[in-house]
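Working notes for the structure below.
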Amino acid sequence: MFKETEEKEVFEDSTQYGGRIRSFAHERGNWATYVYLPYLAEDESLELADQLISGAGSHGVSLTRMEEFHISLSQTVILRHHWIEPFILSLKEGLASGRRFLCVADRLKVYTNQERTRTFLGLEVRAGHAQMLEMVRAIDRTMQEFNLSTFHQNPSFHISLAWCVGDCSESLRGCFQELQTIVDDFEDSASLLRFSGHEIRCKSGNKFFSFPLL
């Protein structure tokens with residue numbers, strides 16, 4: 001039902017995070033874990049992100065393109081190593097009846113993290129919202145089982161394209177219409193921003209787990 005892959009575990013110092021501030025300190029044996037819907041970035045996706053970064057830069061906001069794109073379906077939580085297997089088995093059971101669905105993400109939106117230490121420029125999901133809420137309800141049941149934080153009450157599902165350090169939300173909103181026009185006018189944007197939700201993934205530390213949808 002699910003596949004696991006693993007990366008070599010790397011312990012990095014704070015200078016390697018581009019100025020980002022961790023929400024919690026790293027501790028050996030604690031595994032940062034989150035659940036998400038993957039979005040495979042094509043060359044056109046990267047080009048759109050770069051055009052938005054250029055547009056924001058002309059208004060004095062310096063953004064960095066995300067290294068990978070996805071839609072978060074949970075908050076980042078901490079698991080002890082011995083919790084990972086039962087946690088994944090619980091997710092497997094909860095997501096077993098999940099079905100594939102169409103996503104459309106074409107509405108630009110500005111986000112900040114809870115600590116307001118990072119700002120994100122993202123594309124909000126318009127079609128597929130109801131199906132993602134179903135997935136979140138199943139994921140939240142697993143979170144509650146392990147006494148972990150559930151997802152936001154009224155989530156805005158989105159693909160983050162670029163980020164910067166600090167709270168630059170007001171500056172980005174000042175050029176928001178210009179940036180939305182870049183999205184609307186981008187060649188093949190209609191097909192680019194439509195994609196299938198065909199699997200849910202969970203990353204826990206250096207391990208990746210895949211839950212294919214029916």
Any donor-acceptor N or O pair under 3.5 Å, side chains Gln75, Ser149
no
For the residue pair Ala162 and Leu63, what are the closest heavy atoms and their distance?
CB-CB, 3.9 Å
Ile78 vs Leu148 side-chain heavy atoms within contact, under 4.5 Å:
no
Correct closest heavy-atom pair for Cys103 and Met132 would be SG-CE, 3.4 Å
Which heavy atom of Ile159 sits nearest to which heavy atom of Ile71, and what is that distance?
CG1-CG1, 3.6 Å
Could you tell me whether the side chains of Ser160 and Tyr111 share a donor-acceptor contact shorter than 3.5 Å?
no
Min side-chain heavy-atom separation Cys164-Arg118 under 4.5 Å:
no
How long is the straight-line distance from CZ of Arg116 back to CD of Gln114, given to the nearest 0.5 Å?
11.0 Å
Return yes if some donor-acceptor pair links the side-chain N/O of Lys207 with the main-chain N/O of Phe209 below 3.5 Å, else return no.
no
Residues 137-147 side chain polar contacts: donor-acceptor under 3.5 Å, at least two apart:
unit_1: Asp140; atom_1: OD1; unit_2: Phe151; atom_2: N; d: 3.0
unit_1: Thr142; atom_1: OG1; unit_2: Ser90; atom_2: OG; d: 2.8
unit_1: Glu145; atom_1: OE1; unit_2: Ser90; atom_2: OG; d: 2.8

What heavy-atom pair brings Leu214 and Ala96 nearest, and what distance separates the two atoms?
CD1-O, 3.7 Å
Return each pair, listed once, that meets salt bridge (Lys or Arg N to Asp or Glu O under 4.0 Å) where at least one residue sits in residues 149-161; pairs must be two or more places apart or across chains.
none
If every non-hydrogen atom of Ile182 is compared with every non-hydrogen atom of Gly55, which pair is closest and at what distance?
CD1-CA, 4.4 Å
If you round to the nearest 0.5 Å, how far is CD of Glu47 from CD of Glu42?
12.0 Å
Is Phe87 close to Thr33 at the side-chain level, that is, under 4.5 Å between some pair of heavy atoms?
yes
Does the pair Leu172 and Leu179 meet the rule for a side-chain contact (heavy atoms from CB on, under 4.5 Å), with working shown?
CA-CA 9 Å; Leu172 282 173; Leu179 297 178; 4.3 Å; yes
To the nearest 0.5 Å, tell me how far Arg65 CZ sits from Ser45 OG.
10.0 Å
Side chains of Ile88 and Cys202: does their closest heavy-atom pair fall under 4.5 Å?
yes
Do Val77 and Trp31 come close enough that some side-chain heavy atom pair is under 4.5 Å?
no
Report the distance from atom CG of Asp50 to atom CG of Asp43, rounding to the nearest 0.5 Å.
10.5 Å
Does the side-chain contact (heavy atoms from CB on, under 4.5 Å) test come out yes or no for Asn30 and Leu79, once each step is laid out?
CA-CA 6 Å; Asn30 283 351; Leu79 289 181; over 6 Å; no
Only one of Leu193, Val104, Asp106 passes side-chain contact (heavy atoms from CB on, under 4.5 Å) with Leu123; say which it is.
Leu193
CE-CZ distance between Met66 and Phe69, expressed to the nearest 0.5 angstrom:
7.5 Å
Tell me if the CD atom of Glu85 is crowded by more than 12 foreign heavy atoms within 6.0 Å.
no
Salt-bridged, Arg201 to Glu199, with N to O below 4.0 Å?
yes
Check whether Thr181 reaches the backbone of Gln177 with its side chain - one donor and one acceptor, N or O, closer than 3.5 Å.
yes
Within the structure provided, determine whether Phe120 and Thr112 are in side-chain contact (heavy-atom separation under 4.5 Å).
no
In short, ring pair (Phe, Tyr, Trp, His ring centres under 6.0 Å) pairs touching residues 32-61 with sequence neighbours left out are Tyr34-Tyr36, Tyr34-His70, Tyr36-His70, Tyr39-Phe195
Nearest-0.5 Å distance, CG of residue Leu91 to CD1 of residue Ile200:
10.0 Å
Within the 4.5 Å heavy-atom criterion, are Leu213 and His198 side-chain neighbours or not?
no
Indicate whether the side chain of Asn113 and that of Thr117 have a donor and an acceptor atom separated by less than 3.5 Å.
yes
Could you state whether Phe101 and Val136 fall into the same hydrophobic cluster, counting links through intermediate Ile, Leu, Val, Met, Phe, Trp or Tyr residues with side-chain heavy atoms under 4.5 angstrom apart?
yes
Leu102 and Arg194: which non-hydrogen atoms are nearest, and at how many Å?
CD2-NH2, 3.3 Å
Count the heavy atoms of every other residue, nucleotide or ligand shown that sit under 6.0 Å from CD of Glu93, and state whether that count exceeds 12.
no
With heavy-atom distances below 4.5 Å as the criterion, would you say the side chains of Phe157 and Glu124 are in contact?
no
